[in-house]
Amino acid sequence: MINLFPQFFVFSLLAPFILRIVLGLILIYHGYPKLFKAFQGTVSYFESVGIKPAKFWVIVVGLVEFLGGIFILIGFLTQLAAILVSLEFLFIVFGLKINKGFKELEFDLAILAIALSLIFLGAGAFAVDIPSL
(Lines give C-alpha, C1' and ligand atoms only; values in the text may rest on other atoms or scores of the structure.)
Protein backbone atom coordinates (compact mmCIF):
# COMPACT_ATOMS: atom_id res chain seq x y z
CA MET A 1 0.00 0.00 0.00
CA ILE A 2 1.29 3.44 -0.90
CA ASN A 3 1.69 5.87 1.98
CA LEU A 4 2.30 9.53 1.25
CA PHE A 5 4.29 10.11 4.42
CA PRO A 6 5.92 6.84 5.54
CA GLN A 7 8.42 8.83 7.62
CA PHE A 8 5.56 9.63 10.02
CA PHE A 9 5.42 5.97 11.11
CA VAL A 10 8.23 6.65 13.60
CA PHE A 11 5.65 8.71 15.50
CA SER A 12 3.06 5.92 15.62
CA LEU A 13 2.91 5.93 19.43
CA LEU A 14 1.50 9.46 19.25
CA ALA A 15 -1.75 8.25 17.64
CA PRO A 16 -3.06 6.40 20.73
CA PHE A 17 -1.75 9.27 22.90
CA ILE A 18 -3.93 11.74 20.97
CA LEU A 19 -6.95 9.42 21.17
CA ARG A 20 -6.32 8.92 24.90
CA ILE A 21 -6.26 12.64 25.67
CA VAL A 22 -9.46 13.36 23.73
CA LEU A 23 -11.38 10.38 25.12
CA GLY A 24 -10.16 10.92 28.68
CA LEU A 25 -11.25 14.57 28.71
CA ILE A 26 -14.67 13.76 27.23
CA LEU A 27 -15.28 10.98 29.76
CA ILE A 28 -14.22 13.07 32.74
CA TYR A 29 -16.40 15.95 31.53
CA HIS A 30 -19.46 13.68 31.28
CA GLY A 31 -18.75 11.43 34.26
CA TYR A 32 -18.12 14.09 36.90
CA PRO A 33 -21.67 15.52 36.87
CA LYS A 34 -23.21 12.05 37.05
CA LEU A 35 -21.42 11.44 40.34
CA PHE A 36 -21.16 14.87 41.93
CA LYS A 37 -23.49 17.48 40.40
CA ALA A 38 -26.53 15.94 38.74
CA PHE A 39 -26.76 12.55 40.41
CA GLN A 40 -30.50 12.68 41.08
CA GLY A 41 -31.26 14.04 37.61
CA THR A 42 -29.28 11.20 36.06
CA VAL A 43 -31.12 8.69 38.25
CA SER A 44 -34.42 10.14 36.99
CA TYR A 45 -33.24 9.87 33.39
CA PHE A 46 -32.12 6.25 33.87
CA GLU A 47 -35.52 5.41 35.38
CA SER A 48 -37.29 7.11 32.46
CA VAL A 49 -35.50 4.88 29.93
CA GLY A 50 -36.13 1.76 32.00
CA ILE A 51 -32.70 1.20 33.54
CA LYS A 52 -33.14 -0.31 37.00
CA PRO A 53 -31.88 -0.19 39.69
CA ALA A 54 -31.19 3.35 38.53
CA LYS A 55 -29.02 4.54 41.43
CA PHE A 56 -26.71 1.53 41.12
CA TRP A 57 -26.27 2.01 37.36
CA VAL A 58 -25.70 5.76 37.68
CA ILE A 59 -22.85 5.02 40.08
CA VAL A 60 -21.43 2.34 37.76
CA VAL A 61 -21.69 4.55 34.67
CA GLY A 62 -20.36 7.58 36.54
CA LEU A 63 -17.35 5.62 37.80
CA VAL A 64 -16.64 4.10 34.40
CA GLU A 65 -16.74 7.54 32.81
CA PHE A 66 -15.02 9.59 35.53
CA LEU A 67 -12.39 7.16 36.82
CA GLY A 68 -12.07 5.47 33.44
CA GLY A 69 -11.53 8.91 31.92
CA ILE A 70 -8.80 9.72 34.43
CA PHE A 71 -7.12 6.35 33.86
CA ILE A 72 -7.28 6.75 30.09
CA LEU A 73 -6.04 10.35 30.27
CA ILE A 74 -2.92 9.40 32.22
CA GLY A 75 -2.49 6.09 30.43
CA PHE A 76 -2.97 3.82 33.44
CA LEU A 77 -4.67 0.46 32.82
CA THR A 78 -5.69 1.95 29.49
CA GLN A 79 -6.88 -1.24 27.84
CA LEU A 80 -9.00 -2.27 30.84
CA ALA A 81 -10.59 1.17 31.08
CA ALA A 82 -11.18 1.16 27.31
CA ILE A 83 -12.91 -2.24 27.55
CA LEU A 84 -15.27 -0.92 30.24
CA VAL A 85 -15.99 2.24 28.24
CA SER A 86 -16.58 0.14 25.10
CA LEU A 87 -19.07 -2.05 26.93
CA GLU A 88 -20.92 1.00 28.22
CA PHE A 89 -21.09 2.60 24.79
CA LEU A 90 -22.07 -0.63 23.06
CA PHE A 91 -25.09 -0.64 25.38
CA ILE A 92 -25.78 3.05 24.75
CA VAL A 93 -25.58 2.68 20.97
CA PHE A 94 -27.29 -0.68 20.49
CA GLY A 95 -29.51 -0.77 23.58
CA LEU A 96 -30.74 2.80 23.92
CA LYS A 97 -30.20 4.84 20.78
CA ILE A 98 -30.13 2.49 17.79
CA ASN A 99 -33.64 3.51 16.65
CA LYS A 100 -33.08 7.26 17.05
CA GLY A 101 -31.13 7.79 13.83
CA PHE A 102 -27.53 8.64 13.05
CA LYS A 103 -27.78 12.21 14.38
CA GLU A 104 -28.34 10.80 17.88
CA LEU A 105 -25.63 8.15 17.46
CA GLU A 106 -22.68 9.99 15.95
CA PHE A 107 -21.05 11.21 19.19
CA ASP A 108 -21.54 7.88 20.94
CA LEU A 109 -20.19 5.98 17.92
CA ALA A 110 -17.09 8.18 17.91
CA ILE A 111 -16.47 7.48 21.60
CA LEU A 112 -17.02 3.77 20.99
CA ALA A 113 -14.58 3.79 18.05
CA ILE A 114 -11.90 5.58 20.07
CA ALA A 115 -12.31 3.21 23.03
CA LEU A 116 -12.15 0.15 20.76
CA SER A 117 -9.05 1.56 19.08
CA LEU A 118 -7.31 2.00 22.44
CA ILE A 119 -8.01 -1.64 23.31
CA PHE A 120 -5.96 -2.71 20.28
CA LEU A 121 -3.41 0.11 20.19
CA GLY A 122 -2.65 0.36 23.91
CA ALA A 123 -1.77 3.56 25.72
CA GLY A 124 0.85 4.91 23.34
CA ALA A 125 3.35 7.60 24.29
CA PHE A 126 3.48 9.55 27.56
CA ALA A 127 1.58 6.93 29.55
CA VAL A 128 1.94 5.19 32.88
CA ASP A 129 1.41 1.92 30.99
CA ILE A 130 4.63 0.86 29.34
CA PRO A 131 4.18 0.47 25.59
CA SER A 132 5.23 -2.91 24.29
CA LEU A 133 5.88 -3.48 20.65
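Position 1 is the first residue of the sequence; numbering continues from there.
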Asker: Can you tell me how far apart CG (L105) and CZ (F89) are? Round to the nearest 0.5 Å.
Answerer: 12.0 Å
Asker: Which is it for F39 and K55 under the side-chain contact (heavy atoms from CB on, under 4.5 Å) test, yes or no, and what are the steps along the way?
Answerer: CA-CA 8 Å; F39 180 79; K55 284 184 181 181; 4.2 Å; yes
Asker: With a 4.5 Å cut-off on side-chain heavy atoms, are L80 and F71 touching?
Answerer: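 Of all side-chain heavy-atom pairs linking L80 with F71, none is under 4.5 Å.
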Asker: Would T42 and V61 satisfy side-chain contact (heavy atoms from CB on, under 4.5 Å), going step by step from the backbone distance to the final call?
Answerer: CA-CA 10 Å; T42 308; V61 167; over 6 Å; no
Asker: How long is the span from the CD1 atom in I83 to the OG1 atom in T78, to the nearest 0.5 Å?
Answerer: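 So the CD1 of I83 and the OG1 of T78 are separated by 11.0 Å.
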Asker: Treat each ILVMFWY residue as a node, draw an edge where side-chain heavy atoms are under 4.5 Å apart, and state whether L13 and V128 are in one component.
Answerer: no
Asker: Would you give me the side-chain donor-acceptor pairs under 3.5 Å for residues 14-36, sequence neighbours excluded?
Answerer:
{"from": "R20", "atom 1": "NE", "to": "I72", "atom 2": "O", "distance (Å)": "2.8"}
{"from": "R20", "atom 1": "NH1", "to": "A123", "atom 2": "O", "distance (Å)": "2.7"}
{"from": "R20", "atom 1": "NH1", "to": "A125", "atom 2": "O", "distance (Å)": "2.9"}
{"from": "R20", "atom 1": "NH2", "to": "L73", "atom 2": "O", "distance (Å)": "3.2"}
{"from": "R20", "atom 1": "NH2", "to": "F126", "atom 2": "O", "distance (Å)": "2.9"}
{"from": "K34", "atom 1": "NZ", "to": "H30", "atom 2": "O", "distance (Å)": "3.2"}
{"from": "K34", "atom 1": "NZ", "to": "E65", "atom 2": "OE1", "distance (Å)": "3.0"}

Asker: If I compare all heavy atoms of A115 with all of S86, which pair ends up nearest, and what's the gap?
Answerer: CB-OG, 3.3 Å
Asker: Got a second to check how far L63's CG is from I70's CD1, nearest 0.5 Å?
Answerer: 10.0 Å
Asker: Shortest non-hydrogen contact from Q79 to L118?
Answerer: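 Looks like CG-O, 3.7 Å.
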Asker: Is there a continuous path of hydrophobic side-chain contacts, each under 4.5 Å between heavy atoms, that joins I111 to I92?
Answerer: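 In one cluster with I111: I92, yes.
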Asker: Counting C-beta onward and ignoring hydrogens, is there a side-chain heavy-atom pair between I119 and L116 closer than 4.5 Å?
Answerer: yes
Asker: Going hydrophobic residue to hydrophobic residue with side-chain gaps under 4.5 angstrom, can you get from Y45 over to V43?
Answerer: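 Yes, Y45 connects to V43 through the hydrophobic network.
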Asker: Between CD of E106 and CG of D108, what distance do you get to the nearest 0.5 Å?
Answerer: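 Spacing of CD (E106) from CG (D108) equals 9.5 Å.
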Asker: Apply side-chain contact (heavy atoms from CB on, under 4.5 Å) to residues F102 and L109 and explain how you reach the verdict.
Answerer: CA-CA 9 Å; F102 185 73; L109 283 172; 3.8 Å; yes
